[in-house]
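Small disclaimer: the values here were computed from a predicted structure and weren't measured.
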2 protein chains.
Amino acid sequence: MPKLGAEPIRRAALVKATIEMVGDSGSLDVTVAQIARRAGMSSALAHHYFGSKEQIFLAAMRAILSLYAAEVRGALAAAEGHRGRLRAIVRASFGSGSFRREVVGAWLNFYVLAQTAPEARRLLAVYQRRLHSNLMHDLRPLIGARAERVAQGLGALIDGVYIRAALMPGHSDRRSAAVLVLEYLEREVEGR
Amino acid sequence: MPKLGAEPIRRAALVKATIEMVGDSGSLDVTVAQIARRAGMSSALAHHYFGSKEQIFLAAMRAILSLYAAEVRGALAAAEGHRGRLRAIVRASFGSGSFRREVVGAWLNFYVLAQTAPEARRLLAVYQRRLHSNLMHDLRPLIGARAERVAQGLGALIDGVYIRAALMPGHSDRRSAAVLVLEYLEREVEGR
DNA sequence: AAGTTTATTGACTCGTCAATCAACAAAAAC
DNA sequence: GTTTTTGTTGATTGACGAGTCAATAAACTT
């Protein structure tokens, strides 16, 4: 029963199912058949649209990264001043879209994927550089030479909070995660 | 050609090979045959001693965690005062044993394993609690009520630095990783 | 020397899974 | 109304990998 114009819907359904499965099962060892089943189609169709399992994963990773990028952009658009923009970036990192349990779980697994799959590594590098340069842009006017180190620290801290969220679900909620990082930011910008 | 008393040597060789393989390949998808080959024996022997692949991984994880614990204990023994002890804990986290590339890579993968394997999760929880209580012990006398948050932050920051080390090998060396975390510690203890 | 325990492996079983293919169905184009 | 394009799947293939087993051998025991 073919409905025309199904391709984009199918692709999106597969990406969504992939993120959910990887996040829920906490592992990249999910089969194409499982993903396809969850997305309501046969595994053959998944292969038809994506060609290979790796491509499905990469598409899912792109989706996660652009979700995050969108949250950052949105938060930045509504922010005022260097201080406000920095706080916006941090808050966006713990936005309701990106900080759901399955999404964080998927993040963690994609980190691991990035160790082996060159394309995944590339994607991750792009977004990390973007974050870094976003931070630097507003950090430099505030603290000059120390900006580099603080940007590094903020990046690592955000990653670390993500890990913990993936590892102890429920143990750290959005708000307290954000507050933790914001306090670090405040201290580094204000302090001395 | 059986040498008697081979068991402990074989076990150790398998654990070492596992950490190397997981760290190098950046994935838990290493076969028992690969590990056994690297350790200089047949896959059948690996199964003979460990029973299952999961048990091999758990043994490797235990080895990593006790290596880390030993470094912390060693550093603590030689430290003076609350401040000194805290610095020792942080430095131990980036000690030469634990912060080698393959070891960090393996860490990251075991984090992922901990999402699915209950025993792995348990192991990790034990060591995280130990770190947390070590930190609290010396943080509380210095900063009182704020100790909890700072301990949380230090833990997350250490994890985050680990991730980055696994993801961008060479991009962050032992020394600068330690300095980054030590600066955070200093600021939180000193400041205000 | 016969028997027992420990070490060791090659060959095999059994399951799983990514990827392919042939076939079928409905809409669009002509 | 026939052809073409798009959507869809069940069945199959082919590879690979965890775990088992039977067999072999050296060392220890009595």
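A:E119 places no side-chain N or O within 3.5 Å of a backbone atom of A:L58 that could act as its donor or acceptor partner. Counting only distance, with no hydrogens or angles, the side chain of B:R140 and the backbone of B:H137 share no donor-acceptor pair below 3.5 Å.
Between B:K16 and B:E20, at least one side-chain N (NZ, or NE/NH1/NH2) sits under 4.0 Å from a carboxylate O, which counts as a salt bridge. The pair A:R146-A:E188 meets the salt-bridge criterion, with a side-chain N (NZ, NE, NH1 or NH2) lying under 4.0 Å from an Asp/Glu carboxylate O.
Close to C:dT6, at under 4.0 Å from its OP1 or OP2, lies no side-chain N or O of B:R10.
Partners of A:A177 under the side chain to side chain contact (heavy atoms under 4.5 Å, CB included) rule, at least two apart in sequence or in another chain, are A:F94, A:F99, A:V161.
Rounded to a whole Å, the CD atom of A:E7 is 18 Å from the P atom of C:dA27.
Residues from residues 34-64 of chain B lying near DNA chain C, meaning a heavy-atom separation below 4.0 Å, are B:M41, B:S42, B:A44, B:L45, B:H48, B:Y49 in numerical order.
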